[in-house]
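Numbers for residues simply follow the sequence, beginning at 1. What you are looking at is a predicted structure, and each value in this text was computed from that prediction instead of being measured.
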Amino acid sequence: MPSFPGGQYGYQSYVRKNLKRPDGPKEAGKVWVTFTVLKSGAVKGAHVAPGKGIDAAYDATAVELISKAPLFTPGKREGKVDDIEVHYPVEFR
């Protein structure tokens, strides 16, 4: 599986430093963002699956955060680096 630079701790640190709450009513919860980590480690096609978000503003904020993430360590399939789809939570507290 692909991994975020610095692992889970690195991901949590990235979210704390870069996540901005959208304007409007304050919501809490998780938005699950699905995206592909390319062979290069870049993020492509980030989106929220139906029923896996909070509302349009929070979903868009989560997708933007993931889309701007640093390069991941790419994943491997059958021993070869490959494009792999993953799901990451973005939590608003």
| note | Rounded to the nearest 0.5 Å, the NZ atom of Lys44 sits from the CZ atom of Phe35 at a distance of 14.0 Å

| message | Please report the interatomic distance CG(Asn18) to OG1(Thr61), rounded to the nearest 0.5 Å. | response | 12.5 Å

Hey, does [Y] have a side-chain heavy atom less than 4.5 Å from the side chain of [X]?
| X | Y | result |
| --- | --- | --- |
| Thr34 | Val48 | no |
| Glu85 | His87 | yes |
| Ser3 | Phe72 | no |

| request: Indicate the ring-plane relationship of Phe4 and Tyr88, choosing parallel, tilted or perpendicular according to the 30° and 60° boundaries. | output: tilted

| message | Below 30° counts as parallel, above 60° as perpendicular, anything between as tilted: where do the rings of Phe92 and Tyr58 land? | response |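 Ring orientation, 0 to 90° scale: perpendicular.
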
Nearest heavy-atom neighbours spanning [X] and [Y]:
| X | Y | value |
| --- | --- | --- |
| Pro5 | Pro70 | CG-CG, 4.1 Å |
| Ala46 | Val63 | O-CG1, 3.6 Å |
| Trp32 | Pro89 | CZ3-CD, 3.4 Å |
| Ala62 | Val31 | CB-CG1, 3.7 Å |
| Glu91 | Arg93 | OE1-NH2, 3.6 Å |

Side-chain heavy atoms nearer than 4.5 Å, only ILVMFWY residues, links allowed to pass through others: does that put [X] and [Y] together?
| X | Y | result |
| --- | --- | --- |
| Val86 | Val81 | no |
| Val43 | Leu19 | yes |
| Leu38 | Leu65 | no |

Donor-acceptor pair, side chain of [X] and main chain of [Y], under 3.5 angstrom:
| X | Y | value |
| --- | --- | --- |
| Arg77 | Met1 | no |
| Ser13 | Tyr9 | no |
| Asp59 | Ile54 | yes |
| Arg21 | Glu27 | yes |

| request: Give a yes or no on this: more than 12 heavy atoms of other residues, nucleotides or ligands lie within 6.0 Å of atom CZ of Arg16. | output: yes

